[in-house]
Structures are given as structure tokens and as C-alpha cells.
Amino acid sequence: MGGRFFFVSSCLGRFYFAIMAGKVKWVTDIEKSVLINNFEKRGWVQVTENEDWNFYWMSVQTIRNVFSVETGYRLSDDQIVNHFPNHYELTRKDLMVKNIKRYRKELEKEGSPLAEKDENGKYLYLDFVPVTYMLPADYNLFVEEFRKSPSSTWIMKPCGKAQGKGIFLINKLSQIKKWSRDSKTSSFVTQSTKEAYVISLYINNPLLIGGRKFDLRLYVLVSTYRPLRCYMYKLGFCRFCTVKYTPSTSELDNMFVHLTNVAIQKHGEDYNHIHGGKWTVNNLRLYLESTRGKEVTGKLFDEIHWIIVQSLKAVAPVMNNDKHCFECYGYDIIIDDKLKPWLIEVNASPSLTSSTANDRILKYNLINDTLNIAVPNGEIPDCKWNKSPPKEVLGNYEILYDEELAQGDGADRELRSRQGQSLGPRGGRSRDSGRTVLTTWK
């Protein structure tokens with residue numbers, strides 16, 4: 001009897017092991033239900049980071065350790081992670097600006113029509129980040145620029161922080177000097193003792209809806225940088241300030257007027273816990289079509305897509321395009337009252353905290369659609385696959401740019417797409433709907 005029991009239990013054990021062996025083993029150090037529910041829905045098996053794992057959704061701090069020379073380890077072909085090793089080339093405010101400036105200069109050197117400037121020396125097609133300097137390194141350059149238009153407002157942000165932490169607005173040089181003294185730095189020449197900041201010209205003419213300032217949070221998935229392949233999530237949203245906007249200098253310290261971050265706005269008296277001060281991008285589009293017209297609205301969204309692709313192209317040459325990696329970025333865009341979009345920053349770990357019921361549904365679906373592209377069929381990953389999934393699995397993602405398909409089209413095509421001219425079969429607008437079809441334009 002005992003022998004038969006041992007035989008049955010060992011068979012069951014082998015059967016269980018065989019089933020588990022074919023399942024994706026996951027780890028995360030971000031305890032968010034929108035993540036864990038998606039893993040469990042797929043029947044994936046949770047393990048610890050010290051065990052064999054296939055999929056690790058990790059924080060930006062952990063990714064540093066995984067790929068560090070001292071503490072890192074070699075990933076095998078059946079392991080993938082949700083960040084590129086040096087994602088900070090795009091997601092640190094100072095490095096993003098530095099890479100975009102370098103990209104422009106390289107295009108200029110090549111004589112690319114994309115780098116064309118107007119009579120005032122402004123880029124016609126690549127002017128999508130506000131004038132920005134690094135502090136303390138660029139202090140003298142900043143002062144020179146400040147004195148050209150002393151009535152302008154500037155916004156200061158620490159390079160490595162998020163959620164609106166450490167941000168303030170200034171309109172006098174004395175305020176920077178005070179900040180420097182308060183930060184216990186005797187001069188602007190030494191960088192080692194001081195946290196790096198960026199200072200950018202503040203967009204003081206934002207597009208307002210209901211008198212309030214807002215920005216766009218858009219999700220962009222990159223499966224590979226070389227060749228560049230990226231996807232735009234259709235269900236982005238607008239984040240509104242709780243207090244009506246005023247450019248008055250007396251309100252420069254009122255962050256409920258100027259900063260759209262939910263982490264700040266949720267503490268405001270007028271914060272609405274039902275809709276969370278958010279509006280879908282679809283609602284924004286309908287609102288703009290009815291108030292400004294379909295054509296200009298279409299052009300605005302084309303320009304937003306252009307900005308995203310160009311920012312990714314700017315960092316692609318310096319990005320460590322590790323085959324074990326993919327990344328879902330949170331792009332923050334502000335639209336000014338002339339309907340010109342500006343890239344403010346890119347987040348490596350866009351918030352997965354849900355502030356409302358709709359927010360939770362959106363983020364659950366975002367993770368679901370991201371996993372369907374990053375881990376095809378929910379099966380054990382294979383880093384050698386070509387990372388080009390069929391259309392049926394994209395869900396709410398649309399292909400934004402595919403370098404392999406676009407190669408050979410050249411800068412002329414890229415420029416025509418930027419100017420809104422006909423793109424032919426590889427990109428442009430669908431004739432029947434008038435809506436932008438995101439395909440393969442550069």
C-alpha cells in the first residue's frame with residue numbers, strides 16, 4: 001500500500017513540476033495590484049528574485065543593480081525585464097535635453113532638412129523642448145539668456161526626482177542666488193556638493209480648459225531601440241490643476257495653479273476624488289475638434305507623435321539596446337494656446353497607483369496590453385524572437401514607428417510627414433475617417 005502511495009505521489013509531483021516548468025515565473029519589487037492581477041490572470045507563477053525567474057517587473061533602482069558591473073549578472077535568453085539598462089538617457093531631465101541637443105547638432109552637420117532654422121535661428125521642426133539649462137554647470141549661459149527677457153518666468157526641477165518634488169518657479173535672478181545659498185553652495189562652479197537641477201523657460205501661455213492648466217500623460221512602449229520600434233497607447237489622459245490658471249507673479253508659489261502632478265493636486269481643496277481631475281485624450285480630441293476644428297486638431301496630434309519619435313531617435317544611439325529589455329514610458333506633454341505641443345519630460349516608471357475607478361481600469365489594461373507585446377502568448381520569453389508581434393495582440397497600442405519598415409525612405413519623406421504632406425501607403429491619414437493612422441513615418 002505504502003509503495004503504491006509513493007508511486008502515485010511521485011507521479012503527481014512530476015506532473016505538477018511538468019506543468020509548472022512551462023509557466024512563466026515572475027518577480028516584482030513593485031507591489032501594485034494592476035501588475036500582480038495581470039500576472040495571476042495568465043497563470044504565471046510567483047518566485048523570489050533568488051530563484052530562477054523569466055519575467056521581472058522592477059523598479060529603476062533594481063535595474064541599476066541587475067546591470068551594474070560589480071553586482072550585476074548575465075541574463076539568459078528566457079529572462080526579460082521592464083527597463084533598458086541606461087533608460088536615464090531619456091528619463092533624466094538633464095540627459096534628455098542633452099541628447100536632444102546633440103541629435104539636432106548631428107542632423108545639422110549632416111545637412112539634414114530636419115535641422116532647418118528660421119531667420120531667428122529657431123529650429124523649424126525640432127523646436128519641441130523649452131529652452132533649458134543645467135544648474136550649476138550652465139549658470140553663466142542661463143544668466144545671459146535671462147537678461148535677454150528679464151520679465152520671463154523659469155521653472156526649476158531637480159534632475160532625478162519625480163511627482164513634482166523640489167520644483168519651484170522664479171522670475172528674478174536673486175531667487176536663484178537665494179536657492180544657491182540655501183543649498184549651502186558657495187558658488188556655481190562646483191558641482192560635486194550640489195544636486196543637479198534643470199531650469200527651463202516656463203510655458204506661461206498654456207492652453208486652458210475651463211480656465212485651468214493641464215498636461216497630457218501618454219504611454220509609449222519601446223520593444224527595441226536598434227532598430228527602433230515603438231507603440232503609442234491610445235488611452236492616455238489629461239491631468240488638470242485644481243485652481244484656475246493665472247500668469248500673475250503673485251501666484252508663482254501656488255503649485256495648485258502651475259503643477260499638474262496628481263501627487264500635488266490631490267492635496268488641493270478642490271480635488272475631485274471621483275474623476276481625479278483627469279480627462280481622456282479622446283475627450284480632449286473631441287473638445288478641440290469642436291472648438292478649433294478637425295484639421296488643426298489632427299495636426300496637433302501628428303506633432304505630438306512626431307515629438308515622441310524624434311525624442312526616441314535622439315537617445316537611440318546611446319541607449320544600451322539589451323535584448324532582454326522593453327520599456328513603457330510615461331510622456332508628459334504641454335500644449336500652449338497656439339496649439340503647439342512641448343515635451344516636458346519622460347518617466348521611466350509612470351505611476352501604477354490608481355486614483356479613481358477609471359484610472360484602475362486604464363492601468364490594468366495598459367499592463368495587460370504591454371505584457372501581450374513583451375511576452376507573446378504569455379509563454380516563457382525567448383530573447384531571440386524578432387519583437388514584431390502581429391496586429392491582433394496590440395490591444396489599445398498602435399505602432400507609432402518601425403525603423404525596419406521605414407528604412408530607405410530618407411529624410412525627405414520624414415520632412416514631408418512633419419509638414420503634414422501625403423505619405424503614401426506607409427503613413428498618413430486614413431481617407432475614410434480623417435483620423436491619423438500611426439504607421440511607419442519617421
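When side chains are defined from C-beta on, Val220 does not count as touching Glu327, because their heavy atoms never get closer than 4.5 Å. For the pair Asn54 and Ile80, the minimum side-chain heavy-atom distance is 4.5 Å or more. Looking at heavy atoms from C-beta onward, Leu339 lies in side-chain contact with Arg292 at the 4.5 angstrom threshold. Contact annotation: the side chain of Leu207 never approaches that of Asp336 to less than 4.5 Å [non-hydrogen atoms, C-beta and beyond]. Under the 4.5 Å side-chain criterion, counting only non-hydrogen atoms from C-beta, Leu221 is not in contact with Tyr233. In this structure, the side chains of Ile170 and Thr153 stay at 4.5 Å or more apart for every pair of heavy atoms.
Nearest heavy atom pair, residue Ser152 against residue Phe146, reads O-CE1, 4.3 Å. Nearest heavy-atom pair across Ser351 and Tyr219 is O-OH, 4.5 Å. In terms of heavy-atom proximity, Leu235 sits nearest to Leu362 at O-CD1, 2.9 Å. For the pair Tyr231 and Leu394, the tightest heavy-atom approach, listed with the atom from each and the gap, is CE2-CD2, 3.8 Å. Of all non-hydrogen atoms in Gly330 and Pro350, the two that sit nearest each other are N-CG, 3.7 Å. In terms of heavy atoms, Ile304 sits closest to Leu216 at CD1-CD1, 3.8 Å.
Within the structure, the salt bridge (Lys or Arg N to Asp or Glu O under 4.0 Å) test picks out the following pairs touching residues 105-115 (sequence neighbours left out): Arg102-Glu106, Glu108-Lys117. The salt bridge (Lys or Arg N to Asp or Glu O under 4.0 Å) analysis of residues 128-148, with sequence neighbours excluded, yields the pairs Glu145-Lys148. The salt bridge (Lys or Arg N to Asp or Glu O under 4.0 Å) contacts involving residues 41-54 comprise nothing, where partners must be two or more places apart or lie in separate chains.
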Original post:
Where do Ile100 and Leu343 land on the side-chain contact (heavy atoms from CB on, under 4.5 Å) test, with the steps shown first?
Top reply: CA-CA 11 Å; Ile100 288 170; Leu343 173 58; 4.2 Å; yes

Subject >> ring-ring contact (aromatic ring centres under 6.0 Å, His included) between Trp342 and Phe128, intermediate numbers included >> reply: CA-CA 5 Å; Trp342 296 91; Phe128 55 79; 8.9 Å; no

Subject >> Test side-chain contact (heavy atoms from CB on, under 4.5 Å) applied to Arg229 and Ile399, step by step >> reply: CA-CA 8 Å; Arg229 188 175 296 119; Ile399 184 79; 3.8 Å; yes

Original post:
Does the side-chain contact (heavy atoms from CB on, under 4.5 Å) test come out yes or no for Met319 and Asn321, once each step is laid out?
Top reply: CA-CA 6 Å; Met319 198 63 77; Asn321 188 45; 5.7 Å; no

Original post:
Going through the checks in order, is the side-chain contact (heavy atoms from CB on, under 4.5 Å) test met by Phe55 and Leu371?
Top reply: CA-CA 10 Å; Phe55 185 90; Leu371 294 178; 3.4 Å; yes

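To the nearest 0.5 Å, the span separating OH on Tyr397 from CG on Asn372 amounts to 10.5 Å. Once rounded to the nearest 0.5 Å, the distance linking OG of Ser59 with CD1 of Ile30 reads 5.5 Å. The OG atom of Ser349 lies 7.5 Å from the CD atom of Gln61; values are rounded to the nearest 0.5 Å. Rounding to the nearest 0.5 angstrom, the gap separating the OH atom in Tyr103 from the CD atom in Gln310 is 3.5 Å. From Asn37, atom CG reaches atom OH of Tyr364 across 6.5 Å, with rounding to the nearest 0.5 Å.
Residues forming a salt bridge (charged side-chain N to carboxylate O under 4.0 Å, His left out) with Lys101 (at least two apart in sequence, or on another chain): none. Applying the salt bridge (charged side-chain N to carboxylate O under 4.0 Å, His left out) test to Arg217 and every residue at least two apart in sequence or in another chain returns Asp332. Judged as a side chain to side chain donor-acceptor pair (under 3.5 Å), and not counting sequence neighbours, the contacts of Thr132 are Ser200. For Asp78, the salt bridge (charged side-chain N to carboxylate O under 4.0 Å, His left out) criterion is met by no residue, not counting sequence neighbours. Shown here are the side chain to side chain donor-acceptor pair (under 3.5 Å) partners of Asn282, two or more places apart in sequence or in another chain: there are none. The side chain to side chain donor-acceptor pair (under 3.5 Å) search around Ser354 returns none, not counting sequence neighbours. Ser33 pairs by the side chain to side chain donor-acceptor pair (under 3.5 Å) definition with Arg360, not counting sequence neighbours. Considering only residues two or more places apart in sequence or on other chains, Tyr287 meets the ring pair (Phe, Tyr, Trp, His ring centres under 6.0 Å) condition with Trp279. Looking at residues two or more places apart in sequence or on another chain, you find no salt bridge (charged side-chain N to carboxylate O under 4.0 Å, His left out) involving Asp29.
Between Tyr56 and Trp53, the two ring planes are perpendicular [angle over 60°; tilted spans 30° to 60°]. Below 30°, between 30° and 60°, or above 60°: for Trp26 and Phe39 the angle between ring planes is between 30° and 60°, a tilted geometry. Using a 30° and 60° split on the angle between ring planes, Tyr329 and Tyr331 fall in the perpendicular class, above 60°. Using cut-offs of 30° and 60° on the angle between ring planes, the pair Phe84 and Tyr225 is perpendicular.
Side-chain atoms of Lys32 and Thr353 include a donor-acceptor pair closer than 3.5 Å. Between the side chains of Asp337 and Asn205, at least one donor N or O lies within less than 3.5 Å of an accepting N or O. With hydrogens and angles left out, the side-chain atoms of His324 and Gln79 include no donor and acceptor closer than 3.5 Å.
Within the 3.5 Å criterion, the main-chain N or O of Lys122 finds no donor-acceptor partner in the side chain of Asn120. Under a 3.5 Å cut-off, the side chain of Thr62 and the backbone N or O of Met58 do not form any donor-acceptor pair.
Within the cation-pi definition used here (under 6.0 Å to the ring centroid, within 45° of the axis), Arg239 does not qualify as a partner of Phe214.
Between Lys157 and Glu345 there is a salt bridge, with a side-chain nitrogen of the basic residue lying less than 4.0 Å from a carboxylate oxygen of the acidic one. Lys299 and Glu295 are not joined by a salt bridge, as no carboxylate oxygen comes within less than 4.0 angstrom of a charged side-chain nitrogen. Taking the charged nitrogens against the carboxylate oxygens, Asp359 and Lys363 do have a contact shorter than 4.0 Å, which makes a salt bridge. Here Lys340 does not pair with Glu303 in a salt bridge; the nearest charged N to carboxylate O distance is not below 4.0 Å.
For the pairing with Asn99, the side chain to side chain contact (heavy atoms under 4.5 Å, CB included) check across Glu89, Lys313, Arg104, Arg92 returns one residue only, Glu89. None of Leu107, Leu124, Leu126 except one satisfies the side chain to side chain contact (heavy atoms under 4.5 Å, CB included) rule with Glu116; the exception is Leu124.
A ring-centre distance under 6.0 Å is not found for Trp306 and Tyr125.
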